[in-house]
Amino acid sequence: EVQLVESGGGLVQPGRSLKLSCAASGFTFSNYYMAWVRQAPKKGLEWVATISTSGSRTYYPDSVKGRFTISRDNAKSSLYLQMNSLKSEDTATYYCARHDYYSEDYWGQGVMVTVSS
Amino acid sequence: DVVMTQTPVSLSVSLGGQVSISCRSSQSLVHNNGNTYLSWYLQKPGQSPQLLIYKVSNRFSGISDRFSGSGSGTDFTLKISRVEPDDLGVYYCGQGTQFGGGTKLELK
């Protein structure tokens with residue numbers, strides 16, 4: 001059974017940093033692209049980042065480019081999201097997702113990030 | 001950037017009924033390899049999104065045949081037949097880096 005478990009969320013002040021983690025199991029992690037998708041309170045889904053199988057290629061929307069960094073450790077079957085210079089508009093539930101056929105086919109339960117002073 | 005527009009924003013349905021949700025993209029979703037990558041997701045209340053349909057019309061593992069996807073180019077449709085209580089929630093279309101705004105399916 002595919003499982004994705006996020007951790008690392010919490011309350012952080014504007015301008016500070018936070019690192020999210022996602023532990024994957026139930027599939028060969030190194031064979032799949034992975035992604036982060038977020039959802040602001042009462043809002044829709046927003047793609048945040050995607051990473052290739054080896055980690056050599058990463059993709060971001062303009063809203064987080066230069067501030068967020070997606071990375072992975074295939075030996076640990078783990079995905080990460082380093083978030084720097086956080087803004088109030090980054091407040092959201094962050095989902096880790098497996099990426100296949102340009103779709104997110106499995107999702108974690110999500111982790112809440114609140115950016116507030 | 002591609003913009004995905006879903007209609008309607010909300011939908012009321014009777015149990016056992018049928019509904020259609022439309023998703024339109026601002027540019028063709030036909031990839032260089034000839035495939036069209038349009039997906040549909042359902043987010044039930046209090047849960048994470050789940051994949052229903054990928055590559056326009058392919059049902060994901062374990063998804064009921066009451067869900068069907070169709071379309072091409074820039075216009076796509078999700079049909080749900082014989083609606084059940086467990087189908088209620090918000091439906092999103094997506095193409096990898098953009099999601100539609102969502103369609104909330106409620107009971108009439």
Side-chain angles (χ1 to χ4, degrees), chain A residues 1-7 9 20 22-24 26-27 32-53 57-65 68 70 79 92-113, chain B residues 1-10 21 23 25 28-63 67 69 76 78 89-105:
Chain A
E1 179 194 5
V2 172
Q3 283 202 314
L4 299 167
V5 180
E6 302 95 336
S7 60
L20 305 182
C22 171
F27 65 102
Y32 289 87
Y33 278 49
M34 296 294 295
W36 289 97
V37 177
R38 69 184 179 184
Q39 185 171 36
K42 307 289 188 186
K43 299 294 185 181
L45 302 174
E46 180 187 15
W47 166 68
V48 172
T50 301
I51 188 168
S52 63
T53 51
R57 293 187 299 276
T58 57
Y59 309 89
Y60 308 92
D62 288 344
S63 58
V64 308
K65 196 176 294 182
F68 289 12
I70 187 173
L79 179 72
T93 296
Y94 285 73
Y95 296 101
C96 162
R98 194 177 80 169
H99 184 87
D100 198 18
Y101 288 113
Y102 287 73
S103 300
E104 275 54 55
D105 60 357
Y106 289 96
W107 300 64
Q109 84 287 355
V111 63
M112 186 67 199
V113 172
Chain B
D1 287 356
V2 177
V3 176
M4 309 294 289
T5 303
Q6 277 184 245
T7 54
V9 172
S10 64
I21 300 170
C23 177
S25 60
S28 173
L29 299 186
V30 179
H31 194 271
N32 291 339
N33 62 15
N35 290 316
T36 301
Y37 296 104
L38 186 283
S39 306
W40 290 97
Y41 304 86
L42 165 60
Q43 187 172 30
K44 300 177 186 178
Q47 295 187 20
S48 304
Q50 62 178 106
L51 178 64
L52 301 173
I53 302 282
Y54 64 96
K55 285 173 65 179
V56 181
S57 59
N58 295 271
R59 276 185 297 276
F60 188 56
S61 174
I63 300 303
F67 293 89
F76 305 92
L78 176 70
V90 181
Y91 289 81
Y92 295 94
C93 62
Q95 54 78 252
T97 60
Q98 291 290 336
F99 294 93
T103 297
K104 187 172 186 179
L105 183 63

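- The contact between Val37(A) and chain B is made entirely by side chain atoms (from C-beta outward), counting heavy-atom distances below 4.5 Å.
- At least one donor-acceptor pair closer than 3.5 Å links the side chain of Gln6(B) to the backbone N or O of Cys93(B).
- Here the side chains of Arg38(A) and Val64(A) are in contact, with some heavy-atom distance below 4.5 Å.
- For the options His99(A), Glu46(A), Lys43(A), Glu104(A), heavy-atom pairs under 4.5 Å to chain B are most numerous at Glu104(A).
- Only the side chain of Gln39(A) comes within contact range of chain B, with at least one heavy atom under 4.5 Å from a heavy atom of that chain.
- Heavy atoms of Gln43(B) lying under 4.5 Å from chain A belong exclusively to its side chain.
- Of the possible donor and acceptor atoms, none in the side chain of Ser10(B) sits under 3.5 Å from a partner among the backbone N and O of Lys104(B).
- Looking at Tyr59(A), there are no atoms closer than 4.5 Å to chain B (heavy atoms on both sides), in backbone or side chain.
- The salt bridge (charged side-chain N to carboxylate O under 4.0 Å, His left out) test applied to Asp100(A) returns no partner, not counting sequence neighbours.
- Remark: Tyr54(B) engages Tyr101(A) in a ring pair (Phe, Tyr, Trp, His ring centres under 6.0 Å) (not counting sequence neighbours).
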